[in-house]
Amino acid sequence: MGRTPPCCNAVGLKKGAWTADEDQKLIAAIKEHGEGGWRTLPQKAGLSRCGKSCRLRWSNYLSPAIKRGGFTSDEEQTIINLKTTLGNR
């Protein structure tokens, strides 16, 4: 596949599942410093993770912009209309 980013090869970086404490540290750091600057954010947050891991954790799980739950009736109708118009493409 692809290469591992150099930041992820550093000795002492934690890999694997995130803990609730790490999630809270990441959320607090992003509230304080804002999104972006992912390479320096782990040090500011006191995490021993690479910036890529922090960015992916935020964008895929922790961001308040992520919508969870079922589709609304409007969304379901849009899906049905598109399926009728476009088929299985």
Any side-chain heavy-atom pair from Thr72 and Gln77 closer than 4.5 angstrom?
no
Are any non-hydrogen side-chain atoms of Arg57 and Lys52 less than 4.5 angstrom apart?
no
Point-to-point distance, once rounded to the nearest 0.5 Å, from CD1 of Ile80 to CD of Glu75
12.0 Å
Measuring from Leu47:CG to Asp23:CG, what's the distance to the nearest 0.5 Å?
9.0 Å
Under 3.5 Å, side-chain donor or acceptor atoms of residues 25-46 against the rest of the protein: list the pairs with distances, not counting sequence neighbours.
{"unit_1": "Glu35", "atom_1": "OE1", "unit_2": "Trp58", "atom_2": "NE1", "d": "3.4"}
{"unit_1": "Glu35", "atom_1": "OE2", "unit_2": "Trp58", "atom_2": "NE1", "d": "3.3"}
{"unit_1": "Thr40", "atom_1": "OG1", "unit_2": "Gly37", "atom_2": "O", "d": "3.2"}

Under the rule for side-chain contact (heavy atoms from CB on, under 4.5 Å), what residues qualify as partners of Thr85, not counting sequence neighbours?
none
Can a donor-acceptor pair be found, under 3.5 Å and without considering hydrogens, that links the side chain of Ser59 to the backbone of Arg55?
yes
Please check this pair: side chain of Ser53 against backbone of Arg49, looking for a donor-acceptor N/O pair closer than 3.5 Å.
no
Is there a side-chain contact (heavy atoms from CB on, under 4.5 Å) between Ile66 and Arg68 once you walk through the steps?
CA-CA 6 Å; Ile66 298 173; Arg68 303 203 184 277; 4.0 Å; yes
Common cluster, Tyr61/Trp18, ILVMFWY with side-chain heavy-atom separation under 4.5 Å
yes
Which residues, ordered by chain and number, are linked to Ile79 in its hydrophobic cluster, where ILVMFWY side chains connect at heavy-atom gaps below 4.5 Å, directly or through other members?
Phe71
